[in-house]
Amino acid sequence: MDLRIADIVPSPAERDAIDGFLDPRIGPARGGWDGGDFVVATDGRMARGGHEGRSNRTLLLPVFHAVMDRVGYISPAALAHICRRLTVPPAEAYGVASFYALFTTNPQPRAVAHVCDDMACRLAGAEKVCEDLERELGPAGHPPEGATMTWHRSPCLGQCERAPAALVTVAGETAIRTSDGPNDAARIVERLTDGLHGQDDHDPLEGPLGTAPSDERLAMLRRIIPQAGGPGLRLLARVGRIDPTSLTDYLANEGYRALRAAIEIGPERVIEEVITAEVLGRGGAAFPAGRKWAAARATQAWPKNIVCNADEAEPGTFKDRAVLEEDPFSLVEAMTIAGFAVGAELGFVYLRGEYPLAEARLQHAIDSARERGLLGTDVMGAGFAFDIEIRRGGGAYVCGEGTAIYESIEGKRGEPRNKAARSTTAGLFQQPTVLNNVETLANIPSIILEGGTAYANLGTKGSKGHKLWSISGHVERPGVYETEFGITLRDLIELAGGIAGGKAVKAINLGGAAGVFVGPESLHMPLTFEHAKEAGATLGAGAIVVFDETTDILDILRRIAEFFRDESCGQCVPCRVGTVRQEELLARLAAGSPRGSVADELALLNDLGIAMRDASICGLGQTANDALASGLKLHGVLARVGA
């Protein structure tokens, strides 16, 4: 391929970031063809790149992150140098860089705050935070000339239990990335200022709570995971009891017993146990995990891959973050069992770019496991190979869709594929791939240790096992909760302390922006896949956002409409156009100026929903109308527009 790449020289910082990341992985540049100095004696006679260079395109997103971490934006010179090193056409590389919200090709200050204004944070005062930041730092994304810091509005950051949340990034030789809350404008500015002076709130691996088990840490942890350290837990059993960065602690608390048992019984028996357990996917699709594993094992093609979907971007969802931050070795062990069972030697964790603490702890867990022979070419001395790499996402909700994850890992825009083939035959790199959610994998060790039959005895007929719930909004104790399937919505809210301030429930969002709204009449509903389906609802990935009687639901619905407008990848017309039109419709209703009658607007919204549901390529467009349509049916929502 004869690439035309601009002859622009990157700055020393840009070159250090790019070469510092790529050289250990693909070797240093060997001449002018792949980003080094052009030497006539060699480069004039031999061209480098081609297929060899293009095979490294999977490193495109990681090297973009390296530049963002070091410089704060991707300049034309940095883009050109990356294109030479990876043999990627500049137009394609620019298309990737401009697709993801956490990348920018426009110059900006080194210190940036991404401030959540989504559902839970909106209820906690995010709009006031944004108004105060605009007065302090200028409009979002438009800093005054010479400014040293700026801010952006952001969709959900997965910190709903401590809203209002903000992700702060400060580029430099030692990049700073922290995401937490609650915040006001003054605290965000303080965090940005400290970052510019090289002062981080906390060690990247230790996090704000530290890691060593103690009564003090457990008390603080219970503000995030209220059941931490309590009885009857399976998925969260180690949370608060062990140091999440200590492999020794993990091994002393049943860690790696499941992998050893899996090796003893063999891959076929492992898959049989997972099938017997009837564990359904916890990422929203509820596909039987055992069937995926069996199909991948039966596929003769090789190599095979395991991909963990840790891109937890559904608004209101943060339960996977709890596992990633507080029990990361359990995910490493579960992925290794999956690799052993299906015959895969490589796994990828596609992790939210907004989860810096989870990334630090998971990378530490992977490195520790590899040092102890629990990952690598001969796992546990059992004669099989398996290793794991993390791919940090770029801030694209659509990359929660399976095939969009594959495209993103491959170094492309995160646009879903037309699904002609199943992932178990043609997934990542067009190779057989098993894709599971973090929580799905977290169930695997107990299934292996106790047996599929014992696991299937938990929960209900159609919803086996335990479930993690992300509860936020107007409850006394927001956080991650674990229960058996079958608990009622009312009892789960009571477990979270009930409605804050003793107010009445107005609505509950189930499943996040892609889910539905239900009213207080649904509080008796058992939380299972079968009961949700019967009620015309969905559990999604387990997000539950509670709204009290004071909430302006129409304002929440408009924010959801804005979310889908912004997050549509734009690949297919029904979603690209439909999400814009429904956001315009919600804006008219919120302003009290419907086009025609309110009934006309509702009929149009229904038509848009049908078109998106029937003709969109992926689940984003197919579900983008559900929360809006169900929310507008709630009692009193349209009262202020005369309906």
Side-chain angles (χ1 to χ4, degrees), residues 1-23 25-26 28-39 43 47-50 53-54 56-112 114 138 140-152 169-173 175 177 353 391-396 407-408 410-415 569-570:
M1 184 186 298
D2 186 14
L3 299 183
R4 304 290 181 174
I5 300 174
D7 189 18
I8 316 173
V9 178
S11 70
E14 290 170 333
R15 184 181 287 273
D16 286 348
I18 295 165
D19 294 346
F21 176 81
L22 292 177
D23 286 358
R25 292 163 175 82
I26 63 174
R30 293 167 292 180
W33 291 98
D34 60 355
D37 296 326
F38 192 88
V39 180
D43 292 331
R48 301 185 187 278
R54 291 193 297 277
N56 295 315
R57 180 162 175 168
T58 183
L59 298 175
L60 189 57
L61 261 71
V63 77
F64 280 159
H65 278 299
V67 174
M68 290 294 301
D69 288 347
R70 180 67 179 84
V71 183
Y73 73 101
I74 303 166
S75 72
L79 191 74
H81 190 54
I82 290 169
C83 290
R84 290 190 193 95
R85 293 299 317 269
L86 297 180
T87 319
V88 177
E92 291 189 22
Y94 179 82
V96 174
S98 60
F99 181 85
Y100 297 92
L102 294 181
F103 299 149
T104 181
T105 56
N106 298 316
Q108 67 174 2
R110 289 194 300 118
V112 181
H114 299 266
H142 298 283
E145 187 175 352
T148 59
M149 59 185 70
T150 188
W151 70 288
H152 301 279
T169 64
V170 182
E173 289 188 23
R177 297 170 56 237
R391 282 291 185 271
R392 190 199 306 177
E407 293 291 294
S408 188
E410 291 174 15
K412 303 170 187 174
R413 294 164 64 91
E415 295 177 344
C569 76

Hey, is the main chain of His142 close enough, under 3.5 Å, to the side chain of Trp151 for a donor-acceptor pair? no

First locate atom CD1 of Ile74, then atom CZ of Phe64, and finally report the distance between them rounded to the nearest 0.5 Å. 5.0 Å

Shortest non-hydrogen pair, Ala147 vs Pro109, comes out as O-CG, 3.5 Å

Salt bridge between Arg110 and Asp69, side-chain N to carboxylate O under 4.0 Å? no

Non-hydrogen atoms of Ala6 and Arg84 that approach each other most closely: O-NH2, 2.5 Å

Taking atom CG of Leu86 and atom CZ of Arg57, what is their separation to the nearest 0.5 Å? 9.5 Å

Gln108 versus His152: any side-chain heavy-atom pair under 4.5 Å? yes

Is the distance between the ring centroids of His65 and Phe103 under 6.0 Å? yes

Closest non-hydrogen contact found for Pro28 with Asp23 is CA-OD1, 3.4 Å

Work out which heavy atom in Thr104 is nearest to a heavy atom in Gly72; give both atom names and the distance. CG2-O, 3.9 Å

Determine whether Cys569 and Phe99 make a side-chain contact, defined as any pair of heavy atoms from C-beta on separated by less than 4.5 Å. yes

Distance (rounded to the nearest 0.5 Å) between Leu60 CG and Glu410 CD: 12.0 Å

With a 4.5 Å cut-off on side-chain heavy atoms, are Thr105 and Tyr73 touching? no

I want to check something: taking the side chain as every heavy atom from C-beta on, are Glu407 and Val96 in contact at a cut-off of under 4.5 Å? no

Contact between Ser408 and Leu61 at the side-chain level, heavy atoms closer than 4.5 Å - yes or no? yes

Going from OG on Ser11 to CD1 on Ile18, what distance comes out if it is rounded to the nearest 0.5 angstrom? 8.0 Å

By side chain to side chain donor-acceptor pair (under 3.5 Å) - contacts of Arg413 (at least two apart): Glu415

For Ala17 versus Ala66, what's the shortest heavy-atom pair and its separation? CB-O, 3.8 Å

Using 0.5 Å steps for rounding, measure from the CZ atom of Arg25 to the CG atom of Leu22. 8.0 Å

Quick one: are Met68 and Thr169 in side-chain contact, heavy atoms under 4.5 Å? no

Stepwise side-chain contact (heavy atoms from CB on, under 4.5 Å) check, Arg177 with Val170: CA-CA 7 Å; Arg177 297 170 56 237; Val170 182; over 6 Å; no

Minimal heavy-atom distance between Ala396 and Tyr100, with the atoms involved, is CB-CD2, 3.8 Å

Do side-chain atoms of Glu14 reach the backbone of Val67 as a donor and acceptor pair under 3.5 angstrom? no

Atom CD1 in Ile5, atom OG1 in Thr87: separation rounded to 0.5 Å? 7.5 Å

Answer whether the closest heavy-atom distance between the side chains of Ile8 and His81 falls below 4.5 Å. no

Are any of the side-chain heavy atoms of Val63 and Arg85 separated by less than 4.5 Å? no

